[in-house]
Number of protein chains: 2
Amino acid sequence: MNEGAAGASVEQVLDLFDGVRLTPTQRRIAHCLVQHAPAVAYLSAAEVAELAGVSQPSVTRFAVALGHDGYPALRRRLRDLTIATPTGSADGGNELQQAVRAEMGNLDRLAAQLADRDRIAETGRLLAESRPLPVLGLRAAAPLAAYFAYFAAKVHPDVRVLDDGGSLLTDRLEQAAEAGASAVLAFVLPRYPRETLDALRDARAAGLTVVAITDSPVSPATEHAHVVLPAAVGAQLVFDLHTAPMTLAMVLLQAICDAAPADTQRRLEAFEASAARRQLFLG
Amino acid sequence: MNEGAAGASVEQVLDLFDGVRLTPTQRRIAHCLVQHAPAVAYLSAAEVAELAGVSQPSVTRFAVALGHDGYPALRRRLRDLTIATPTGSADGGNELQQAVRAEMGNLDRLAAQLADRDRIAETGRLLAESRPLPVLGLRAAAPLAAYFAYFAAKVHPDVRVLDDGGSLLTDRLEQAAEAGASAVLAFVLPRYPRETLDALRDARAAGLTVVAITDSPVSPATEHAHVVLPAAVGAQLVFDLHTAPMTLAMVLLQAICDAAPADTQRRLEAFEASAARRQLFLG
DNA sequence: TGCCGACTGAAAGTTTTGATGCATAGAGTC
DNA sequence: GACTCTATGCATCAAAACTTTCAGTCGGCA
């Protein structure tokens, strides 16, 4: 992946001046442009003028001299240079490729957010300690809950998937709390089924700590959850793409494993032995 | 670019919302802010308004609600956040971040592979024509099958999820073929449950065209499938990450929709009407 | 059912920002 | 040494952006 935006743009900013004869004042402005490369794209003509120690009209004339319609046009150009240098293979391609690349963007933001390991580690401990561990996901989020639970069950002795709604849902939540659960993991994704939010409220009322994986830090889940873990949902195709929430779920599961490495190891080995005996898999 | 800057700012953008009660419209704006984090710092109030689908005054009010003097003040704040953040975060980072970035690599390869639209479009037609359409995924792949089927059912009149194994599985495959199915979509992921491959063989014997989404062009699925769509599985964490197969599944679903746009539109509208009537979702 | 309050968008009003005409200063030329 | 041409800043005007006001709508509540 390419360099920082600043580095790339200095080169390109220079290209803007190519072959154009500049007056001394304009040269000063140009110099100022390269020097404050990224910031200038935000400034008004008057601000650039002050920065360069020239008059505001000179900045306008400078923009025109470079062949633009006016100062705003030049600034737009600068913005494009500093911002629109996207990851590697550029944008474009067909609409399917664009959707996939947008999804990469979602993952990148997720990665940035994971710089702080402590937060996720603590949430992992929280969930690891809950016996049983209810995992809630309705409608579109149900598969994600099942996916998480499938793997989680290999390292946690009592994972309970709650993936159908109706009145039984609250029963199950309360039963889990009764059986000793201290936390619940919920997947709350667009379009936010009403049932899901009701269930969150019930879970909270039952004394459970609510951990929500949801699509945005300002999703409807925030007001019902104790811990909110955001991961964007892709919306470029006809239907939503849940790759970032899925990734976050597995990262969280990793944190759960890390919370009790010895237990995890023991349980995984037990599963392997069983799988081998039953010849579940190829190879 | 790398999204280093963008990613970091998303975190900080959130701090701006802290503790403030937002109206639905303002929530939309907030959502739009996080989503287009870096670019918004350049936009005028009216542009943000259009992006968020609200009126321009609402954007001003949003800025004031957050405690600023006006929209320009909020934008200045955003600029400071996006600029002051060192571009940072190339490769490296902690192991969680590395895993997520590896997943981005998988998606990138998937995107490259989608340059050829025709192949996926043809496969989409193949599946769209099958009535019913059986979707097979066992064990770890079961949630993916369910996820695909959940959405596919909104645009296809008869989707049948086959996600538990046992002897009934083959019964169901044969029943689907009997009922008129011409193709089957199968998710074949590591660790390749024996049952899954047996089912593929049976499906083929029943005269179904087998489309397999699998983790590699040389996976065990290839010898039983007519069409093989590969998408890598992430293996950096304790458990497998299925984001690329998930993405491929949704791309394939898009192709299915494109195969019969009118039908798709009609069915989606019918669902929307029903959802609205039943008040399934928030908003 | 009717009132009340909150939210939202349209439109008018205000401020900020950018463009242009004009006058001045300096360099080069005859 | 005077003329001319270019470059530059000041002042002004036009346009855009932002804020405020106002009226309509929706949901909650008596």
Side-chain angles (χ1 to χ4, degrees), chain A residues 16-17 19-33 36 39-80 192 194 197-198 201 218-220 222-223, chain B residues 16-17 19-33 36 39-80 82 275-283:
Chain A
L16 297 178
F17 310 147
V20 184
R21 254 185 64 81
L22 294 178
T23 71
T25 304
Q26 292 174 339
R27 203 159 287 248
R28 265 181 97 172
I29 299 172
H31 194 260
C32 166
L33 275 205
H36 305 82
V40 168
Y42 293 102
L43 303 177
S44 71
E47 290 170 311
V48 175
E50 187 179 5
L51 210 59
V54 303
S55 75
Q56 175 265 318
S58 293
V59 176
T60 292
R61 283 191 277 258
F62 172 75
V64 175
L66 259 48
H68 298 90
D69 281 347
Y71 176 72
L74 168 62
R75 185 173 49 191
R76 205 183 331 272
R77 180 85 174 270
L78 286 173
R79 287 175 189 176
D80 292 348
Y192 314 121
R194 201 169 284 280
L197 295 163
D198 292 344
R201 207 176 292 116
V218 292
S219 98
T222 48
E223 53 183 312
Chain B
L16 300 179
F17 307 151
V20 184
R21 257 188 70 80
L22 296 176
T23 71
T25 304
Q26 291 174 338
R27 200 163 286 232
R28 264 181 101 169
I29 299 172
H31 197 261
C32 166
L33 276 204
H36 304 81
V40 168
Y42 292 103
L43 303 176
S44 70
E47 289 169 310
V48 174
E50 187 178 4
L51 211 59
V54 304
S55 75
Q56 181 270 324
S58 292
V59 176
T60 292
R61 282 193 279 259
F62 173 74
V64 175
L66 260 48
H68 298 88
D69 281 348
Y71 176 72
L74 169 61
R75 184 173 49 192
R76 199 181 321 275
R77 181 86 173 269
L78 286 174
R79 287 175 188 175
D80 293 347
T82 54
R277 193 175 57 246
R278 296 187 286 155
Q279 300 199 5
L280 267 180
F281 304 113
L282 248 56

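Numbers restart at 1 for each chain; the letters A, B, ... are given by sequence-line order, proteins then strands. Below, all heavy atoms of this structure are taken into account, side chains as well, without hydrogens, waters or symmetry copies.
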Between dG9(C) (C1') and Phe62(B) (CZ): distance, integer Å: 18 Å
Side-chain heavy atoms of Arg75(B) within contact of Arg79(B), under 4.5 Å: yes
Of the listed nucleotides dT20(C), dC18(D), dG9(C), the one nearest the side chain of Ser55(B): dG9(C)
Reported CZ-to-OG distance for the pair Arg27(B) and Ser219(A), which is rounded to 0.5 angstrom: 8.0 Å
Closest nucleotide among dT8(C), dT20(D), dG18(C) to the Ala45(A) side chain: dG18(C)
Distance, rounded to the nearest Å, where Gln56(A) contributes CD and dA7(D) contributes C1': 16 Å
Value in whole Å for how far the P atom of dT16(C) lies from CZ of Arg76(B): 11 Å
Under-4.0 Å side-chain N/O to phosphate OP1/OP2 contact, Arg75(B) with dA17(D): no
Value in whole Å for how far the P atom of dT8(C) lies from CG of Leu22(B): 10 Å
Touch class at under 4.0 angstrom, heavy-atom based, for Thr60(B) against every strand present: base
Between dT8(D) (C1') and Arg28(A) (CZ): distance, integer Å: 12 Å
Polar side-chain atom of Arg28(A) near backbone of Val54(A) as donor-acceptor pair, under 3.5 Å: no
Nucleotide dA16(D), atom C1' - distance to OH of Tyr42(B) in whole Å: 21 Å
Beyond-backbone contact of Thr25(A) with Phe62(A), side-chain heavy atoms, under 4.5 angstrom: no
Nearest-angstrom distance from the residue atom CD of Glu50(B) to P of dC18(D): 14 Å
Any Ser58(B) side-chain nitrogen or oxygen under 4.0 Å from OP1 or OP2 of dG9(C): yes
From dC18(D), dC7(C), dA7(D), nucleotide with atom closest to Thr25(B) side chain: dC7(C)
From dC10(D), dG18(C), dT8(D), nucleotide with atom closest to Pro72(A) side chain: dG18(C)
Spatial distance of atom CG (Leu33(B)) from atom CG (Leu43(B)) [nearest 0.5 Å]: 9.5 Å
Interatomic distance, Leu74(A) CG vs dT17(C) P [rounded to whole Å]: 17 Å
Thr23(A) side-chain N/O to dT6(D) phosphate OP1/OP2 under 4.0 Å: no
Arg61(B) side-chain proximity, nearest of dG18(C), dT21(D), dG9(D): dT21(D)
